[in-house]
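Notes to accompany the following structure.
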Amino acid sequence: MLKALLLLVCSSSVLFPSFAEEEVNKYIKDYSFYAIIQGAPKYDAKGIVYQLKSDPCVYVESFKKNKTKRFCKLGDSGLDLEKDYPTIYVDGLYETWGKVRFDVAAPWNEQHCKIDVYELKIACKPRG
């Protein structure tokens, strides 16, 4: 849905710049982070990653699997973004080469997490 909207907005922005700005603001105002997962150069995008302002969890959509997964539980760390927010939160979310990486700020157990876009699996390890 969001992919189609972004394509529509980008193509419309050339013809109707004010329409594009209004549509983008209407649909992405709830997102605190959104990125396309590119993978290797010269290849098609592998998916998208986003985080909503209303939800502390990280969402990853894999185009290959045609599936979106919501990541709240942080691997074997015992941390859960949904249950422990706002005491813990995602910091420094970014995408590199088909992986989504981020740190989780937690007063007692900071973690560095990596989500494999192809497998839709998360792994976290303590930062320290």
Side-chain angles (χ1 to χ4, degrees):
M1 160 73 177
L2 189 56
K3 293 180 290 187
L5 173 67
L6 289 175
L7 181 60
L8 170 69
V9 168
C10 290
S11 59
S12 314
S13 64
V14 175
L15 300 173
F16 308 104
S18 62
F19 165 78
E21 185 175 341
E22 287 174 21
E23 288 301 302
V24 167
N25 288 338
K26 183 166 60 172
Y27 288 100
I28 69 169
K29 68 180 178 183
D30 295 330
Y31 291 81
S32 58
F33 181 85
Y34 181 91
I36 297 170
I37 302 165
Q38 186 58 45
K42 297 184 182 179
Y43 289 97
D44 291 337
K46 304 299 179 202
I48 56 174
V49 57
Y50 59 92
Q51 190 176 31
L52 301 169
K53 291 178 182 175
S54 60
D55 186 350
C57 301
V58 176
Y59 291 81
V60 175
E61 181 178 340
S62 171
F63 295 162
K64 182 177 180 179
K65 291 188 175 237
N66 196 24
K67 184 177 178 183
T68 301
K69 187 167 181 181
R70 181 176 179 249
F71 290 92
C72 297
K73 294 185 191 292
L74 302 176
D76 296 331
S77 71
L79 298 176
D80 186 325
L81 289 166
E82 186 172 40
K83 290 181 183 175
D84 300 327
Y85 182 83
T87 305
I88 70 169
Y89 56 91
V90 170
D91 185 35
L93 186 64
Y94 65 99
E95 171 279 323
T96 61
W97 298 97
K99 305 274 191 242
V100 174
R101 301 171 191 270
F102 56 92
D103 291 327
V104 177
W108 63 94
N109 187 11
E110 284 193 354
Q111 298 285 311
H112 178 73
C113 298
K114 177 173 56 174
I115 299 172
D116 184 315
V117 177
Y118 306 108
E119 300 297 322
L120 289 176
K121 292 185 179 177
I122 190 168
C124 297
K125 61 182 181 181
R127 286 188 55 188

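Residue numbers start at 1 and run along the sequence shown.
- Criterion: ILVMFWY side-chain heavy atoms under 4.5 Å apart, direct or through other members. Under it, Y31 and I48 are part of a common hydrophobic cluster.
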Under 3.5 Å, side-chain donor or acceptor atoms of residues 67-75 against the rest of the protein: list the pairs with distances, not counting sequence neighbours.
from, atom 1, to, atom 2, distance (Å)
K69, NZ, L120, O, 3.3
R70, NE, D55, OD2, 3.0
R70, NE, Y59, OH, 3.2
R70, NH1, E82, OE2, 3.4
R70, NH2, D55, OD1, 3.3
R70, NH2, D55, OD2, 3.3
R70, NH2, E82, OE2, 2.9
K73, NZ, D80, OD2, 3.4

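- In the hydrophobic cluster analysis, where Ile, Leu, Val, Met, Phe, Trp and Tyr join through side-chain heavy atoms closer than 4.5 angstrom, Y50 is grouped apart from V58.
- At a threshold of 4.5 Å between side-chain heavy atoms, the hydrophobic network of Ile, Leu, Val, Met, Phe, Trp and Tyr places Y34 and F63 in one connected group.
- The shortest heavy-atom contact between A106 and L79 is CB-CD1, 4.1 Å.
- Residues satisfying the salt bridge (charged side-chain N to carboxylate O under 4.0 Å, His left out) test with D84, not counting sequence neighbours, are none.
- Expressed to the nearest 0.5 Å, how far OG of S62 lies from CD of E119 amounts to 9.0 Å.
- Residues meeting the side chain to side chain contact (heavy atoms under 4.5 Å, CB included) test with F33, sequence neighbours left out: A35, V49, Q51, L93.
- Annotation: disulfide (SG to SG under 2.5 Å) contacts involving residues 83-114, sequence neighbours excluded, comprise C113-C124.
- Contact detail for C57 and L81: the closest heavy-atom pair is CA-CD1, 4.1 Å.
- Cluster membership check: Y118 does not share its hydrophobic cluster with V60, using side-chain heavy-atom separations under 4.5 Å among Ile, Leu, Val, Met, Phe, Trp and Tyr.
- In this structure P86 satisfies the side chain to side chain contact (heavy atoms under 4.5 Å, CB included) test with no other residue, sequence neighbours excluded.
- Contact of the S54 side chain with the D30 side chain is not registered, since no non-hydrogen atoms from C-beta on lie closer than 4.5 Å.
- In this structure, Q38 contributes its side chain and Y43 its backbone to a donor-acceptor pair below 3.5 Å.
- In terms of the side chain to side chain contact (heavy atoms under 4.5 Å, CB included) criterion, residue partners of K114 (sequence neighbours excluded) are, by chain and number, K99, R101.
- Atom CD of residue E110 and atom CG of residue D103 lie 7.0 Å apart, to the nearest 0.5 angstrom.
- Put simply, CD1 on I88 and CD on Q111 are 9.0 Å apart, with the number rounded to the nearest 0.5 Å.
- The line from CD1 of I37 to CD of E95 is 6.0 Å long, rounded to the nearest 0.5 Å.
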